[in-house]
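I have placed the structure first, in the form of structure tokens, so that the comments after it can refer back to it.
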2 protein chains.
Amino acid sequence: MITTKDLARLAGVSQSTVSRSLNNSPSISEKTRNRILQIAQEQGFEFNANARGLSTNRTDTIGIIYPEDFTDLSYHLFLSFLHNDLRESLERKNFDMITSFAQNRFSGANNIKKLIIQRKVDGLIIVRSRLDPETMTFLQGSGIPFVFLHYYDPSIEQMDRVYTDHLHGGMIATEHLLSLGHKRILCITTAGEGTEYEYRTDGYRLALQKYGIGIDEKLILQNNGSFKATYNQFLEEPDRIKGVTAIFAQKDIMALGVIEALAQMNIRVPKDIAMVGYDNIELGTYFRPYLTTVHQPREQITRLACERLLELIASKRVKRGKEIKIRPKLIIRESCGAFRDDTPMEQQ
Amino acid sequence: MITTKDLARLAGVSQSTVSRSLNNSPSISEKTRNRILQIAQEQGFEFNANARGLSTNRTDTIGIIYPEDFTDLSYHLFLSFLHNDLRESLERKNFDMITSFAQNRFSGANNIKKLIIQRKVDGLIIVRSRLDPETMTFLQGSGIPFVFLHYYDPSIEQMDRVYTDHLHGGMIATEHLLSLGHKRILCITTAGEGTEYEYRTDGYRLALQKYGIGIDEKLILQNNGSFKATYNQFLEEPDRIKGVTAIFAQKDIMALGVIEALAQMNIRVPKDIAMVGYDNIELGTYFRPYLTTVHQPREQITRLACERLLELIASKRVKRGKEIKIRPKLIIRESCGAFRDDTPMEQQ
DNA sequence: CTCCTGAATGCATTCGTATGCATGCATAAT
DNA sequence: ATTATGCATGCATACGAATGCATTCAGGAG
């Protein structure tokens, strides 16, 4: 393995001159720098990241903390697309990604601490996770830049975060159904996986309120958020939909479960019951009726989070605690019964 | 940040004694070791990975190379589950994962080289990718342990690999249909994304041959492998299925596309046409008819690949170039018309 | 009592890069 | 010619842990 010392020998200069040349230090003459870059190129020189990290305490590495609850298909889809988006943003700036989870499932070790103290990552992106108070304290005390992605709860009010305005999302979904004349709208939600669903439900409530419609708590259903659970829930208790003319399912995958269950019961969508989903997953455009849904600008949000993080890394003086909240958009297709629109999905 | 030198001062010993204690060197007395471990614990000591890596050239980091062609939903699902499986295996042994792609999309840099030379990863898992010859040469010359996962082509004959026997998979899928009396079986495949599909097609051919049925090349269809492409292909050229009584789709997602297209054409599955898919994705058990499919033991394969890699890392003397080829299994559900089986999916 | 042995610990150096400070050298100002 | 100026480079050290070799010390053998 070739080192800066080797290059120095070859160029007949000192190791420090080589180092400065490779790092574009201004105090090196154009001529020397070029000669050294030339030799480095020829020799296929690459920095030793460990030595560099030891010396500078920077590693050009970003830690990505993924959520633990890898439960169903839609999470996997979400995370995989997200990972790809992260790559797009970070690779562009020549950062590497080290992926982890808040905790080691076996040793119980705190991976966030480990990434910071041991690995010396330059920053962290924490995806859709709530952290325990101890980790939170540590994180803030460490001074390391971090951004919460796709997550918000009041406890992170003072921290950097980029996420979707789910209250608004829930509202536009419900409003759309209301505007189509529906009055008894079932809302299917899920819990225990995070809090965005509470906001979506709040949006649902607000929309009804805006239209002067009282909230019937019996119209708010809950399950574990999977296709199967939703499907079964509807088949097992068909009287849930008595009098209901529209349904707002807070995840597309749940909406599909509902539609499939309704199909078994010979209830047609949107003719008999209108449906709106949430997430805009590709799957929503596979089967008829194509799903009307709320589009999460996943790609945009991820890009913004990376940009923000890199900004924080670039300068210690940037004020921390910025909130970036993005409004989702309603995508009208077939399942709501408004009209039929075959325009191709935007970004999934 | 607390260092071994700090611990040494606190314990009244030398830094080397601390280092040896923390690394369980046999030459340290039980008493000293325990005292030092105690102090390290109290102080919340953590190794500096950079210093350690610089000194030992080991980093407890595995590089994961993902395939570039993140095209459709089924790839995302596949990779996300895979990532989770990798975590399971590597976290258990306290390795970190640094995820990458063979090439930097922007700078064009060779990430594999970078991971090895700069990051000094201890090993590489190369997921479902063919590497260019130059990288291949470099990889072999580097001496670093690596394992190809979910991939095989004859050029890696001398290298470690863990993958599914897709020829066998294609064969059992086809044989199953043959055993149900079908003679004219359409085979839908895809290309340009890797070579496993060629093996699946070979399996199809072999099965027909075994049953003494001539191969009609017109019965082998090809598209880009997505739901939509398959769906459209069938709607646009309905005479493709003239005389066909069964279809073997080489990806579940394609099978679902076929079924949806057939539904549009009022052709029932399995009554009019029997279907077998491949992959055993969760989605195949969402909609009726539940999909008969070939189960890829993804989890098992991933585990074996990790174990193999760690074995190579643990000892330089282990002979390289082992092949681990796992046979997939047929999961019979509804779409093939054999019988109805509601047993829950095994692992997805 | 002396010498030897071996276990336990310390010393000094190494890994590869970055960087503060000293130095050298050419040019310009006097 | 002499001195000040500033650019370009080298020297020396630090970063934190690992490790070969030297040293110390206790206990046993002679």
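Just so you know, these numbers come straight off a predicted model, no measurement behind them. Numbered from 1 within each chain, the chains take letters A, B, ... in sequence-line order.
In this structure, a donor-acceptor pair under 3.5 Å is present between the side chains of A:Thr135 and A:Asn110. Under the 3.5 Å distance criterion, with hydrogens and angles disregarded, a donor-acceptor pair is assigned to the side chains of B:Ser155 and B:Asp153.
Atom pair B:Arg58:CZ and C:dT14:P shows a separation of 24 Å (rounding to whole Å applied). Going from atom CZ of B:Arg119 over to atom P of C:dG16 covers 17 Å, rounded to whole Å. Protein atom CD1 of A:Ile36 is 14 Å distant from nucleotide atom C1' of C:dT17, rounded to whole Å. In this structure, the CG atom of A:Asp6 is 13 Å from the C1' atom of C:dT17, given to the nearest Å. In this structure, A:Lys120 places its NZ atom 16 Å from C1' of C:dT17, rounding to the nearest Å. Rounded to whole Å, atom P of C:dA8 lies 13 Å from atom CG of B:Asn34. A:Leu7 places its CG atom 12 Å from the P atom of C:dA18, with the value rounded to the nearest Å.
The terminal axes of the helix from C:dC1-D:dG30 to C:dT30-D:dA1, fitted over 5 pairs per end, subtend an angle of 60° to the nearest 10°.
Residue-level contact check: B:Ser27 touches the bases, meaning some heavy atom is under 4.0 Å from a base atom. Counting non-hydrogen atoms under 4.0 angstrom, B:Ser25 reaches nothing in the nucleic acid.
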(request) At under 4.0 Å between heavy atoms, which parts of nucleotides 12-19 of chain D does protein reach? Answer with one letter per nucleotide, 5' to 3': B base, S sugar-phosphate only, - none. (result) ---BBBBB

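With A:Glu91 contributing its side chain and B:Arg105 its backbone, the two residues share a donor-acceptor pair below 3.5 Å. Checked by atom type and distance alone, the side chain of B:Arg33 pairs as donor or acceptor with a backbone atom of B:Ile28 at under 3.5 Å.
For A:Arg52 and A:Phe47, the positive end sits near the middle of the six-membered ring, less than 6.0 Å away and at most 45° from its axis. Annotation: cation-pi geometry not satisfied between B:Lys325 and B:Tyr163 (NZ/CZ under 6.0 angstrom from ring centroid, within 45° of ring axis). A cation-pi geometry, defined here as NZ or CZ lying under 6.0 Å from the six-membered ring centre and within 45° of its normal, holds between A:Arg87 and B:Phe101.
A:Thr137 meets the side chain to side chain contact (heavy atoms under 4.5 Å, CB included) test with no other residue; sequence neighbours excluded.
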(message) Evaluate A:Arg298 against A:Thr164 for side chain to side chain donor-acceptor pair (under 3.5 Å), listing each step before the verdict.
(response) CA-CA 9 Å; A:Arg298 186 185 29 73; A:Thr164 309; over 6 Å; no

